Protein chains: 2
Amino acid sequence: MTLPQLQSLQCSDCPIRHRAVCSRCETDELQMLDTIKYYRSFEAGQPIIWSGDQMNFVGSVVTGIATLTQTMEDGRTQMVGLLLPSDFVGRPGREGAAYDVVATTDVVMCCFRKKPFEDLMLETPHIAHRLLEMTLDELDAAREWMLVLGRKTAREKIASLLAILAQRDVSLSKNAASGEVTFDLKLTREAMADYLGLTLETVSRQMSALKKSGVIVLESKRRVKVPDMRLLIEEAGDDTDGGVVG
Amino acid sequence: MTLPQLQSLQCSDCPIRHRAVCSRCETDELQMLDTIKYYRSFEAGQPIIWSGDQMNFVGSVVTGIATLTQTMEDGRTQMVGLLLPSDFVGRPGREGAAYDVVATTDVVMCCFRKKPFEDLMLETPHIAHRLLEMTLDELDAAREWMLVLGRKTAREKIASLLAILAQRDVSLSKNAASGEVTFDLKLTREAMADYLGLTLETVSRQMSALKKSGVIVLESKRRVKVPDMRLLIEEAGDDTDGGVVG
DNA sequence: CGCCAGCTTGAGGTGCGTCAAGAGGAGTGG
DNA sequence: CCACTCCTCTTGACGCACCTCAAGCTGGCG
């Protein structure tokens, strides 16, 4: 989906219509949103927002992947969120951004200037409620991730990340096969390390280890086949069969 | 504040009136809440909710401290949230609880049955908005904590936790002194370890180390004096002067 | 007084980080 | 077509921060 294609897109035909912050809106509410929305695209590697910056827009990821990261003075960085299509960026009622948002692949966002959006939210409970729901989902995902960061081994961390990415992929592309899944790994080893609280060397080693024990097959460095999801989930140390994650 | 004292408490006199989910309510809205609320108390060590249980109430912590924890099959546990007075428990719109909630000290909660609360929320935007705001704050705190868990050293982790607890204390008891702060550590070494993704031995060692270098003074095992907050925050590795945290 | 939960401290092991060298693949230019 | 560069990724050797196991201390309470 390219930007020119999207510029003329009606909300009713939007690919994230049923999952995004607008998913609960009636047609008249959608028309209101339609009048204040605009699309923006970002190239892979480009920053979308810097931590501390004044935020003058909010919006949804339409296509592509972006990351939320925090950085310490000495350069240590930790990814604190992965933004996939339909995920919301920005916090109504807040001035500055709390984290760096960076496009990992090419990204298209559906944006609203902040003030008009906040005004609209006040008189449109469907939006406010959906946003609350999405925020609660993100909170769950963040807490799930705290267990990964705090208590899992490197191998379990890698398995957890792969399981989440694989399942996201399944749920989007209705690749329904319960056993085997194949997907593109859209993160570099370094990005994976930043997400997992590891170094990129450790990520590489554990990927090799999982490959060696047959849990995953690397069709290329960035394309992963999971012959048996059950096995992967077991490696992740999860009792839940991996549902969760907003 | 004991339970008998609280049972007859008017919302307008409530100690968490200005911070809890009801803080934005007008007097008539408060009266509505008053009619459906009830108090419950839990002894230190008691579970408040088990993960997976049906949740039939939501509520606010009035006094005491509770913890949100996740546990893996093999017993590894990670604390994913610390509930202090005014914090909200439960998620409107969800069936089951996602985490174990345990009272760390004696706890008194102001509860609402879930269904009536959800109904009231639909017609009371002040509550819904405040809840969104509080959820965003929690999300920020969770993400802040992801950096702690993923990238900080044991010493920095301890310092981060102490800094948060100290600052919470200051903001409640208007202990305004910018330099020196003293507070009760209401967590065991083990609970601290669960929060920080460490073992209790490492917590103990790093507490001793911080004591030895004069960053903290232990008036007793559970009472901590911070002679200079600046120093503590520096040890935590934070560039932010510790504002944050809802 | 003895008991027990919570805490401290030590000695030794290990998982992951650090540092360093090199392999693979994509793009550019001759 | 090769030569060259740049970037990502892999692999190895080594060290350290933190975990594990174990012993002993402290203070509150019967």
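Keep in mind that this is a model prediction, so the values were computed, not measured. Within every chain, numbering begins at 1; the chains are lettered A, B, ... in the order of the sequence lines, protein sequences first and strands thereafter.
- At whole-Å resolution of the value, CG in B/D184 and C1' in C/dG6 are 16 Å apart.
- Heavy atoms of B/G197 sit under 4.0 angstrom from primed sugar atoms or phosphate atoms, though from no base atom.
- Considering A/V215, A/I216, A/L196, A/L232 as possible partners of A/I158, the one that fulfils the side chain to side chain contact (heavy atoms under 4.5 Å, CB included) test is A/L196.
- Going from atom CZ of A/R189 over to atom C1' of C/dG24 covers 12 Å, rounded to whole Å.
- Side-chain polar atoms of B/R143 and A/T69 form no donor-acceptor pair below 3.5 angstrom.
- Side chains of A/T153 and B/R76: no donor on one and acceptor on the other come within 3.5 Å.
- Side chain to side chain, A/S160 and A/K152 meet the donor-acceptor criterion of an N or O pair below 3.5 Å.
- Ion pairing of B/R91 with A/D137 is absent here, as no side-chain N (NZ or NE/NH1/NH2) approaches a carboxylate O to less than 4.0 Å.
- Of the side-chain N and O atoms in B/T202, one or more sit less than 4.0 angstrom from OP1 or OP2 of D/dC19.
- Electrostatic pairing of B/D194 and A/R151 counts as a salt bridge here, judged by a charged N lying under 4.0 Å from a carboxylate O.
- Rounded to whole angstrom, the span from the NZ atom of A/K157 across to the P atom of C/dG15 amounts to 14 Å.
- One can place NZ of B/K152 at 18 Å from P of D/dA17, the figure rounded to the nearest angstrom.
- Salt bridge present: B/D140 and A/R94 bring a charged side-chain N and a carboxylate O closer than 4.0 Å.
- When A/M207, A/R205, A/E201 are each tested for a side chain to side chain contact (heavy atoms under 4.5 Å, CB included) with A/V203, only one passes: A/M207.
- Within the cation-pi definition used here (under 6.0 Å to the ring centroid, within 45° of the axis), A/R222 does not qualify as a partner of A/F183.
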What protein N or O atoms touch nucleotides 19-23 of chain C N or O atoms at under 3.5 angstrom, if any, and at what distances?
from: C/dC19; atom 1: N4; to: A/E201; atom 2: OE2; distance (Å): 3.1

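- Across the protein-nucleic acid pair, A/L149 atom CG and C/dG15 atom P stand 20 Å apart, rounded to whole Å.
- Nucleotide C/dG15 holds its P atom 10 Å from the CD atom of A/Q206, rounded to whole Å.
- Within residues 208-226 of chain B, the residues approached by DNA chain C to less than 4.0 Å at the level of any non-hydrogen atom are B/S208, B/K221, B/R222, in residue-number order.
- Residue whose closest nucleotide on DNA chain C sits further toward the 5' end, between A/R155 and B/T188: B/T188.
- For B/L200 and D/dA22, the CG to P distance is 15 Å, given to the nearest whole Å.
- One interatomic measurement links the two molecules: CE of A/M207 to C1' of C/dC16, which rounds to 18 Å at whole-angstrom precision.
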